[in-house]
Every structure is written in C-alpha cells, then in structure tokens.
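Reading through the structure tokens given below for one structure.
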Amino acid sequence: MPKEGPERVRNVAILGHSHDGKTTLAEALMFAAGAIPRMGATEQGTSALDFEPEEQRRRISINLAVGHLEFEGVKVNLLDTPGFFDFAGQVVAGLGAADGALLVASAGTDIAVGTELAWDRLSERSTPRLIVVTKLDKENADFLATVDRLRERFNPRPVALHLPLSGPGGFEGVVDLLNGTAHRSKPDGTEEDIPVPDELKALVAERCEQVTEAAAEGDDELLEKYLEEGTLTEEEIERGLREGVAAGKVCPVLACSPTTLVGVRACLRSMTHLLPPPQVRADGDPSVFVFNTTADPFVGRVSYFKVLSGTVRSDQQLANPGRGTTERLGQLFYPQGKEHENAQRVEAGDIGAVTKLVHTFTNDVLGSNGVSAPASAAPLACYALAIFPKSRGDEVKISTGLAHLVEEDSSLHIERNEETKQLLVRGLGDVHVDVVLEKLKRKYGVDATTELPRIPYRETVRGSSRAEGRHVKQSGGHGQYGICQIEVEPVERGEGFIWEDKIFGGSIPHNFRPSVQKGVQEAMSHGIVAGYPMVDIRVRLVDGKYHTVDSSDMAFQIAGSIAIRHATLDADPVLLEPVDEVEVRVPERYLGDIMSDLNAKRGRISGTEMDGEHQVIKAHVPQSEMQRFALDLRSMTQGRGSFTAGFSHYEEVPAHLAKPLIDSFQKEHAARD
C-alpha cells in the first residue's frame with residue numbers, strides 16, 4: 001500500500017438508520033487503530049464524536065463529526081453522520097467530502113427505513129460503499145439472514161465478505177472470505193489468527209466462491225479469466241473487488257460488533273483495501289473545498305475542508321473566487337471530534353480544519369486553479385415555525401444567533417415575513433427546530449419560543465354596494481368636513497385594487513379626491529371584517545360634499561375609510577386563503593393513504609404519475625392545512641415520503657372556517673373601541 005500522496009488517504013462517511021451504531025462503530029475503529037486512548041459510549045455521554053450537549057442529552061448524533069486514524073500506513077478520515085431524519089443536511093455535508101462510505105445495518109431486524117434512505121442517497125451520488133452489519137453480539141442476531149434481506153432489497157446485490165465466528169461468549173471473530181482466514185478478536189481490539197473451524201469449512205468454501213464471482217464481475221479482464229479457468233488469485237480477487245466497489249458494481253458486507261470490538265480490525269482492513277482514495281491532484285496550486293462549518297461564540301467559525309489539489313499551509317493566503325475576496329488561513333488542524341491536532345500543512349485529498357475565516361462559508365472553494373465544488377443539494381426545509389424571544393429586547397441577539405446557526409446548517413433557513421411581521425425558522429422537522437432553540441439558549445443566551453406561522457389571509461367582497469362616508473365636526477373653532485359616496489364591486493381574482501374617479505362636477509374638489517382614495521386604501525390594508533388586507537375590489541368615487549373652510553385632506557381620508565367600511569359590510573364580505581401547489585413523492589404502497597390525507601386537508605388532487613418506484617401526487621391544498629404536513633407525511637410513510645409546496649393562488653375560505661376568524665377579530669376590535 002502506498003505511503004505517500006492521496007493514495008494513502010481514505011475519506012469515509014458513515015451512514016445508516018438512527019440507533020444502529022454508526023457513532024459507536026466510528027469510536028471502535030478509532031480505538032482499535034490507537035487514535036483515541038479509550039472508547040467512549042453514546043449512552044453515557046462519553047463519545048469522542050457526539051460531544052455537543054444536545055447530542056449527549058438526546059443520545060443521538062445531531063452534527064456531522066470528523067475523526068481520523070492510521071491503519072497499515074493509510075490515513076482514514078471518518079465522517080460520522082446523523083441517522084435521524086431531521087439532520088439530513090449534515091449527511092449531505094459529510095458526503096460532500098467523502099470518497100467512500102460505510103452503510104451501517106443492524107442485525108436481527110428488518111432493513112430499517114434509514115438504511116434504505118442512506119442507500120438511495122449513496123446511489124444518487126454513485127458513492128462507493130461497504131455495508132457493515134452491527135450488533136452481532138445481540139441475542140437472535142443472524143448475519144446471513146441480514147445479508148439475504150440486503151440482497152433482496154438492494155442493487156447491486158450485496159455479497160458477504162465476512163462470516164461470523166461463534167464461541168462460548170457468542171460472536172468472537174470473523175472469517176475473511178477474501179482469503180479464507182479466521183481472526184478471533186480480543187477485548188483490547190487486537191486479534192489473533194486461528195484455523196477455520198471444521199463446521200464452517202463447507203460454508204466458507206461456498207461463500208468464497210460468491211466473493212470470487214463478485215470480484216470477476218468488477219473487472220472485464222478478470223471475468224474473462226474466471227470464465228476460462230474457474231478461479232482467481234487472492235490478489236486478483238482483491239483487485240476485482242476494489243474496482244467493482246469503485247464502479248458501483250460490487251457491495252461487500254462486513255460483520256462487526258463495535259461495542260465488543262469483534263471484527264473491527266477486519267473492518268479496517270476492508271475499508272483501507274477496498275474503498276477508493278480521493279480523486280484529487282497532488283501537484284499544482286493549492287485549493288480546498290469547505291464542506292462544513294460550525295459556529296462557536298468563543299472559538300468563532302470553524303471551517304472543515306478537503307484539499308482538492310496541492311498542499312495548504314498555515315498562514316497561507318488563498319483566493320475565494322466565488323465571493324471576490326482573499327482569506328488568510330490561520331493555524332490548521334486535524335479534527336478529532338472536539339479535539340484539535342495542530343498541523344503545519346494539509347496535503348491533497350486529506351481533511352483539515354481552520355478557524356475564523358471571515359468571508360468563507362460551507363460549499364465555498366478557496367484557490368485560484370479553477371477547481372469547482374462537488375455538487376450537493378441540501379434537503380428542502382418544509383417545516384416552518386414563527387420564532388421570537390421570550391424577553392423583550394432580545395430581538396438583535398436572536399437574529400445574530402440564528403444567522404450563525406444557519407452558517408453551520410445548510411438545511412436551516414430563516415426569513416422574515418413582512419406581511420405577518422413574523423420571523424420564520426424553516427427546518428426538516430420538529431426535532432430540528434427544537435435543537436435550534438436549545439443551541440440558541442446555550443450558545444447565544446437567548447430564550448426563544450415558537451408558534452405556528454400566521455396565515456396571510458385576504459378579504460374581498462362577492463357583491464356590490466354603495467355607501468356614504470361622513471366625517472363632520474363643526475362644534476366651534478376650525479371644523480372638519482368631508483363627505484363621500486363610493487360604490488364597491490368585486491373584480492377577477494388577482495386583479496388587486498382598482499380605483500375609479502367618477503365624479504362629474506365639483507361635489508368634491510380635485511385636490512381632495514386623492515385623500516378619499518388614501519383613506520380607502522388605508523382602511524383596506526388593515527382589513528374590515530377579520531383584520532386582513534382587502535384585495536380584488538373596485539372602488540368607485542361617485543359623489544360627495546365639501547366645505548370651503550372646514551374641509552381638509554384628513555377629513556376626506558377619514559370619510560373614505562368610513563365609506564369603505566360601510567360598503568364592505570353591505571357587499572357580502574368573504575375571507576380568502578392562500579392555496580399551495582403541492583407535489584408529494586411517496587412509494588406506491590402509500591399512495592392511497594396520502595391521497596386520503598390530502599383530501600381530508602381540503603386538497604384537490606390534479607393527478608399522479610410514476611417516478612421510478614415512487615408515485616408523485618400533484619394537488620392544490622390550502623396553506624393552513626399544510627403547516628404540519630411535513631410531520632404527518634413522515635409518520636404515514638416512516639420517512640420515505642417527500643414533498644414540495646409553493647404558493648399558487650387565493651380561494652374563498654369556507655364559511656364555517658371563516659366565522660371563528662371573523663368573530664375573534666370583531667370581538668378584539670370591539671374591546672379596543
């Protein structure tokens with residue numbers, strides 16, 4: 001194995017279902033290789049990679065964590081990704097730097113939805129992968145049955161590269177089918193070679209043949225030799241597997257129990273021998289890709305990067321072409337969970353980190369040699385809540401804290417809705433938003449709370465009416481005198497507000513007519529029946545009266561606002577609600593349930609179409625009914641469904657739903673008056 005250049009590096013993402021042992025596997029790999037002095041436990045909050053308080057409290061990975069180890073002359077950078085659906089943005093960040101992956105699957109259970117989703121994500125990116133079956137120390141764990149389930153579900157069909165060895169204490173070692181050797185693991189993570197037990201020899205021979213066939217399929221030259229001679233050498237099998245894994249034709253399955261360290265060194269060997277090195281340029285000008293960012297109120301911004309070409313050094317200056325700036329790199333370091341190992345340089349293909357970059361963010365490339373960033377798309381943030389500080393005066397602090405959190409999470413979005421005057425936080429689910437609140441309090445000292453966003457309803461009329469607005473006060477001194485008559489009628493949906501001046505003669509002088517219009521529009525902006533802006537209405541000024549001394553702009557503004565209120569109440573006012581255009585993508589077996597749910601949400605389904613093994617449902621659904629759909633869809637499909645939604649148009653709110661909104665506003669308005 002080469003000891004220099006990118007060939008000595010493996011950048012490996014670890015993916016899988018939540019609680020299947022991804023972080024524990026990473027800890028075991030680092031401990032067995034001597035990279036960390038002791039093996040932590042996620043259940044006890046002592047993990048080197050799950051070190052954030054939110055992770056320790058919930059006992060799940062929330063952030064992408066980076067660690068590294070050395071094994072047989074190869075440096076392995078581990079990118080431990082969360083398995084919980086709400087933190088899929090961190091998975092995307094990790095895959096941006098990975099050249100291969102370990103997909104974790106738990107023995108003794110059916111293939112979990114998180115395993116399926118991780119496989120699909122790796123397939124979309126054509127990421128070379130190995131599958132690691134964990135929890136083989138548990139009762140009823142069956143490695144070969146798990147392999148069979150994986151072969152039924154995935155393509156290319158995974159092939160077992162290990163067989164578990166059983167002893168008095170249960171799972172105690174593995175047979176490596178690449179060369180037919182057996183290894184018993186010791187409690188300290190080391191292992192000893194032992195003869196293959198007699199009772200396993202027939203099974204080993206059978207499974208070795210499957211491995212040889214898989215290796216032959218990975219290389220056309222080897223396939224030809226295998227068909228002619230019926231055998232391959234150990235070196236040829238390894239070469240075929242390595243090329244097959246890199247090409248996405250082969251997916252070996254490994255056996256491991258991270259908690260007891262059984263099979264961990266065999267897993268390390270397979271990773272370093274079969275997963276590909278980074279495809280980067282060792283020479284040339286230095287360039288780096290920033291694949292993840294964390295924000296800390298004390299340390300500042302921490303930028304994690306992968307070197308795409310050349311070698312980067314501390315105190316070096318690199319251009320940021322995408323932002324038109326130049327950055328000076330401070331002290332470089334190799335991340336090991338929350339620990340930092342200082343480095344004077346980081347070579348091509350390797351992963352490092354640096355603090356306090358001023359202008360550089362996730363997905364930026366530093367360097368001037370034209371290297372582009374790997375393509376990546378963060379999952380859509382479809383769950384929105386309004387967020388506000390509990391204490392008055394913390395508005396600036398909450399905005400600053402949220403801005404920093406957005407820097408480190410590409411799937412988190414913040415926006416201000418100017419119409420509803422609310423600050424909205426958009427994430428992937430309720431747990432995602434809960435963690436945002438926890439980080440705001442811990443990192444930035446802001447207690448915040450959330451509520452469902454206000455729906456931007458509108459008001460309009462269905463009928464026509466005529467009304468007078470009269471504002472006359474002449475009880476001594478300079479009086480106020482303005483009288484106007486208007487007509488209102490509906491216009492086509494989407495036409496907005498149309499003003500017509502139809503006064504003939506001088507019943508209202510020309511200089512006061514714009515004041516009537518201003519009063520009308522001011523009242524419309526605040527709503528008449530429920531406090532929402534009025535739209536799609538024609539207002540026609542038809543008559544009025546004025547006083548040569550007491551009339552004024554303000555008098556006619558007030559008269560206009562009175563007139564529009566009276567006219568609206570006599571013209572059959574109604575509420576309008578925003579309707580979203582929605583596309584839902586689900587496996588076909590969930591089609592009926594989702595369509596029923598959309599119908600129950602007052603949705604109108606316009607059609608369905610096939611997309612591979614999925615169905616895409618197209619519908620129009622009121623925005624108010626979509627506020628918790630991200631959570632409902634996940635529950636109904638066990639996380640297998642996704643959707644997009646965007647504003648389409650406004651429609652009338654059914655009377656029984658509009659009445660509570662109108663009554664609440666009128667009651668509040670009466671109390672203020």
Side-chain angles (χ1 to χ4, degrees), residues 11-31 35-36 39-69 76-98 101-106 112-119 121-122 132 134-135 256 258-259 291-296 302 304 335-339 351 353 362 378-379 405 408-412 427-439 442-443 634 639:
N11 298 314
V12 183
I14 304 179
L15 291 79
H17 192 72
S18 186
H19 296 297
D20 272 1
K22 298 179 298 302
T23 301
T24 305
L25 174 62
E27 295 264 342
L29 293 170
M30 292 193 295
F31 176 72
I36 54 177
M39 183 171 162
T42 55
E43 295 83 1
Q44 300 172 6
T46 57
S47 168
L49 298 178
D50 280 354
F51 54 85
E52 294 281 2
E54 294 81 16
E55 294 175 313
Q56 294 173 345
R57 186 174 68 82
R58 295 174 183 270
R59 297 182 180 179
I60 60 170
S61 295
I62 290 174
N63 304 302
L64 171 68
V66 183
H68 64 272
L69 60 89
V76 180
N77 292 307
L78 298 174
L79 300 137
D80 181 33
T81 69
F84 197 75
F85 304 113
D86 282 28
F87 308 107
Q90 298 291 295
V91 180
V92 173
L95 289 176
L102 297 181
L103 176 57
V104 176
S106 180
V113 59
T115 309
E116 292 182 3
L117 295 175
W119 177 275
R121 200 179 295 276
L122 293 170
V132 181
T134 60
K135 301 191 177 182
C256 184
T259 54
F291 63 88
N292 196 38
T293 304
T294 61
D296 188 281
V302 181
Y304 295 83
Q336 190 73 302
K338 66 178 178 180
E339 303 298 329
I351 284 175
T362 300
L405 294 179
E408 63 181 68
D409 187 350
S410 59
S411 61
L412 179 67
L428 301 183
D430 51 348
V431 178
H432 191 187
V433 176
D434 286 346
V435 168
V436 169
L437 299 183
E438 292 170 12
K439 287 186 176 181
R442 176 174 63 86
K443 289 186 173 185
R634 179 180 299 173

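Quick caveat, the model's predicted, so the values are computed rather than measured.
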Q. So how far is it from Thr362 OG1 to Tyr304 OH, rounded to the nearest 0.5 Å?
A. 11.0 Å
(Q) Return the CG to OG distance between Leu428 and Ser411, rounded to the nearest 0.5 Å. (A) 4.0 Å
Q. Taking all atoms of both residues into account, what is the closest heavy-atom pair of Met39 and Pro258, and its distance?
A. CE-O, 3.1 Å
(Q) What I'd like to find out is whether the side chain of Leu117 reaches to under 4.5 Å of the side chain of Leu15, using heavy atoms alone. (A) no
Q: May I ask you to decide if Thr23's main-chain N or O and Glu27's side chain share a donor-acceptor pair within less than 3.5 Å?
A: no
Q: Would you mind telling me which of Val76, Leu25, Leu69 makes a side chain to side chain contact (heavy atoms under 4.5 Å, CB included) with Met30?
A: Leu69
Q. What closest approach, in Å, do Ala118 and Leu103 show between heavy atoms, and which atom pair accounts for it?
A. CB-CD1, 3.5 Å
Q) What distance separates Leu79 CG from Ile351 CD1, expressed to the nearest 0.5 Å? A) 4.5 Å
Q) Distance-only, no hydrogens or angles: does the Thr81 side chain make a donor-acceptor pair with backbone N or O of Ile14 under 3.5 Å? A) yes
Q | Inter-residue atom distance Thr293.OG1 - Leu64.CG, 0.5 Å rounding | A | 10.5 Å
Q: Test Thr294 against Asn63 for side-chain contact (heavy atoms from CB on, under 4.5 Å), laying out the working first.
A: CA-CA 9 Å; Thr294 61; Asn63 304 302; over 6 Å; no
**Q.** Spacing of Lys22 atom NZ and Leu102 atom CG [to the nearest 0.5 Å]
**A.** 12.0 Å
Q. Which heavy-atom pair separates Ser61 from Asp50 by the least distance, and what is that distance?
A. OG-OD1, 2.9 Å
Q.
Closer than 3.5 angstrom, by distance alone: can the side chain of Glu43 be matched with the main-chain N or O of Arg59 as a donor-acceptor pair?
A. no
(Q) Among residues at least two apart in sequence or on other chains, which ones pass salt bridge (charged side-chain N to carboxylate O under 4.0 Å, His left out) with Arg634? (A) Asp86
Q: Using the side-chain contact (heavy atoms from CB on, under 4.5 Å) rule, take Arg58 and Asp434 through it: C-alpha gap first, then chi angles, then the decisive distance, then the call.
A: CA-CA 11 Å; Arg58 295 174 183 270; Asp434 286 346; 3.6 Å; yes
Q: Kindly indicate, with the supporting measurements, whether the criterion side-chain contact (heavy atoms from CB on, under 4.5 Å) is fulfilled by Ser410 and Val92.
A: CA-CA 9 Å; Ser410 59; Val92 173; 5.6 Å; no
Q. Is His68 reaching over with its side chain to a backbone N or O of Pro335, donor-acceptor style, under 3.5 angstrom?
A. yes
Q: Over all heavy atoms of both residues, which pair between Gln336 and Ile36 is shortest? Give the atoms and the distance, please.
A: NE2-CG2, 4.3 Å
Q.
Applying salt bridge (charged side-chain N to carboxylate O under 4.0 Å, His left out), can you list everything that pairs with Glu52, at least two apart in sequence or on another chain?
A. Arg442
**Q.** For the student: nearest non-hydrogen atoms of Ser106 and Asp20, plus distance
**A.** CB-OD1, 3.3 Å
Q | Ala105 to Thr115 - nearest heavy-atom pair and separation | A | CB-CG2, 4.3 Å
Q: Supply the atom-to-atom distance His17 NE2 to Phe85 CZ, rounded to the nearest 0.5 angstrom.
A: 6.0 Å
(Q) Parallel, tilted or perpendicular, judged at 30° and 60°: which one describes the rings of Phe87 and His432? (A) perpendicular
Q: Say whether, by atom type as modelled, one donor and one acceptor occur between the side chain of Gln90 and the main chain of Ile62 under 3.5 angstrom.
A: no
Q | By salt bridge (charged side-chain N to carboxylate O under 4.0 Å, His left out) - contacts of Lys443 (at least two apart) | A | Glu408
